[in-house]
Amino acid sequence: MALRHVNAVVVGAGAGGGIVAKELAAAGLSVVLLERGKWYSAFDCRKDDLRNQRTSVLGCGFGPDDERYRRVVVDAQGHERSVLPSEGVYGNNAACVGGGTFSYGAMAWRYMEKDFRMRSTYGAVEGSTLEDWPISYADLEPHYEKAEWEIGVSGDDSRNPFHAPRKKPLPMPPHPPGREHEILRPAAERLGLHPFDIPMLRNTVPYNGRPACMRCRWCVGFACEVDAKNGAHNTVIPKALASGNCVLRAECVAKEILTDDRGRVTGVAYFDSQDGLQVQSADLVVVSCGATETARLLLNSRSKLFPNGLGNRSDWVGRNLQGHCYAGAYGLFDYDLYDDIGPGASIAISDFNHGNPGLVGGGALCNEFIRLPYQFSSMIPPTLPGWGRAHKDFMRQAYRRCIVVMGPAQEMPVFEARVQVDARVKDNWGIPVARLSGSNHPHTLEVARFLMSKSEAWLKEAGAKGTWPRPPRVGLSGGQHQAGTCRMGNDPKTSVVNRYCQVHDVDNLFVVDGSVHVTNGGFNPVLTIMAIAYYASAHLVEGWKGTRFRG
Amino acid sequence: MGNFRRITRRKFIQVTTAAAAGSMVCCTNKKTPWRFFTIEEGQTVGAICERIIPADQDPGATEAGVVNFIDLQLMGPYKRHRASYRQGIRGVEQASLKMFGHRFTELSPERQDEVLKELERGGAAGEAWKGLSSKDFFSLILSHTMQGFYGDPRHGGNRGRVSWKMLGLPYPPIRGRLHYDLTS
């Protein structure tokens, strides 16, 4: 039996898709929201230190599962390998209602003005497709504000002199400082830096009908037991459903986007939770699957008119895959500083995001979330053996005496760092899997090493008796901060979507997630994904009123 | 909730027959306390783990039940590592025979460390190291040992929460706060 035609299908119920579904439903459109993962609740917080989204050695806590999903990863030597979601190189982001926002660390950064004008600020970088965004910070400012108030952000960046101009303060105050915060703040000030409270999508006071964070150690990678972490799953999606105009179909895996012979999108073919093939027709389709899976879905949507996949006439879909190249340092103190008060990360400096001599961009530095014992077992100084008596001694002495500072280096986009679809390997449903290849740019590593030295200096000033680096990883980026694969731009030859997230040559097809980011800032990207979702939705609703998208 | 799938009659018979056959094989051997390892394999793995995290004033890998963790996970998420363990353990025995003329479990702790260092370097002797480098096997068992010792007891290791006690980590807060209204 054919499914009832709707106005819009949104594929992916994460940070981007959840917001678009809610905004469209609130404007009166009928919406079907498809999500391949399950709908978890706060009761699904298992506090499992080996099976979560941060440490997935025994599996990803909130999807995708190792049984049904695969990707192919090609290394620098050209060797390819089929990998499981629980392996690091898979570049996973959670697959569930809420997407990454269900279990993230929840840092809520606004990008800075220069982050949208990287090319005109720094000029061309050899071997990189570094470019300006077609939109500016000012275009997104009201939407950043909407995200902060609707989804809910706590923190205080008023003491950060580098932050981009804002009209309204954050709706919630920061948490009282933890021990690490108290040690790091005066040290940063002595160094002439400007420490402040990290903005977080986390309730510090009751907000939106949900309680405040109880400050447990199980935060990043875990579901919030008291539902104080704010994501798509507990804010916009319930609102979308309450409007009566939106239906959420969880455990539904999109196969391809369907088109007619005029080159317009007609709907989405997907496998339902019983693995039955369904076709949902719609006036417009919004793809919000995250940078890897969005590119895969577009590339898997081939037809006579679009032999290379949708939106891919210029061969830009899947290109410029980026995330963040993290680097930092560990500091060992000669006194016990472990307070077991979560989430752990609380203090940041933005002094090194821009204006670093000889470098293009930079990144914010923050103290890390609480390290669970297994995670800590690999955070040892390079001079120490990785096992045996000395390792155990180190664990015993250092676990409660360590602070970790690190930051996300803004990456130089690389054209050959890319998502393709694999010709041979298929997932459980017979859909060709994503094939990842390429590596990060050498300059990205330079920027990361710079952040590493600054982290070490900060820890030393704070009184660390020993410090050792946490060097950047050479290789392909992506993972939780994945972005860039459907670049936003004015020129269809060098981008996939226009300034309103509309695919250049298909009027009624939109991409709304990190894929559209031209560059990914020196910050965690989620608040920007949310702001873009509000911004694109506003345009969509406006266009809808003029019935531009009706077939 | 688990992922419920219909199972066909054919599949059911295949699975149950295989299980019955498996249990028969098991019965003909000397009884092993493990799910995957043989008695000898379990002893060798236990000895390796104990060198990776030796007992001192605090319990080591043996007391924490790390072999139980690895054995249990080889029945589930680590199914894919079964062949590596079978092959790697054989390789460890060969290397230890070549180096010191005895089985690994019969060596002194110092000599066991020598063998493990050779493994870690990727230079261990033995014809078993084909298609699996001793270095890769060592890093596999090293990370599994760390998981079994420092990870949550629910996965079969860290018996009695020994490692968390050693680190002075308070026991995780119990669940159930959702039953209280924290919004007011």
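Labels below follow one simple rule: chain letters A, B, ... track the order of the sequence lines, proteins then strands, and each chain is numbered from 1.
Looking at B/Lys117, both its backbone and its side chain come within 4.5 Å of chain A, counting heavy atoms on both sides. Interface remark: A/Ser86 contributes side-chain atoms only to the contact with chain B (heavy atom separation under 4.5 Å). Only the side chain of A/Tyr338 comes within less than 4.5 Å of a heavy atom of chain B; its backbone N, CA, C and O stay farther away. Residue B/Thr145: no heavy atom, backbone or side chain, is found under 4.5 Å from chain A. Both the backbone and the side chain of A/Asp48 come within less than 4.5 Å of a heavy atom in chain B. Of the atoms belonging to B/Asp113, heavy atoms from both backbone and side chain fall under 4.5 Å from chain A. Interface remark: B/Gln147 contributes backbone and side-chain atoms alike to the contact with chain A (heavy atom separation under 4.5 Å).
Between A/Leu372 and the options A/Arg54, A/Lys47, A/Arg217, a side chain to side chain contact (heavy atoms under 4.5 Å, CB included) holds for only A/Arg217.
A cation-pi arrangement is found for A/Arg36 relative to A/Tyr69, the charged atom lying closer than 6.0 Å to the ring centre and inside a 45° cone about the ring normal. Geometric assessment of B/Arg86 against the ring of B/Phe36 yields a positive cation-pi assignment under the 6.0 Å and 45° thresholds.
The candidate with the highest count of non-hydrogen atom pairs below 4.5 Å against chain A, out of B/Glu120, B/His155, B/Gln73, is B/His155. In terms of non-hydrogen atom pairs under 4.5 Å with chain A, the most contact-rich of B/Gly76, B/Gly60, B/Gly168 is B/Gly168. For the set A/His391, A/Gln397, A/Arg389, A/Met395, the count of heavy-atom pairs under 4.5 angstrom toward chain B peaks at A/Met395. Most heavy-atom pairs under 4.5 Å with chain A: of the set B/Ile53, B/Asp58, B/Leu142, this distinction falls to B/Asp58.
A salt bridge links A/Arg396 with B/Asp56: at least one charged nitrogen is closer than 4.0 Å to a carboxylate oxygen. One finds a salt bridge joining A/Glu180 and A/Arg371 here, because a Lys/Arg side-chain nitrogen approaches an Asp/Glu carboxylate oxygen to under 4.0 Å. Looking at A/Arg71 and A/Glu87, no side-chain N of the basic residue comes within less than 4.0 Å of a carboxylate O on the acidic one, giving no salt bridge.
Between B/Phe104 and B/Leu116 the shortest side-chain heavy-atom distance falls below 4.5 Å.
Ring planes of B/His81 and B/His144: tilted class, angle from 30 to 60°.
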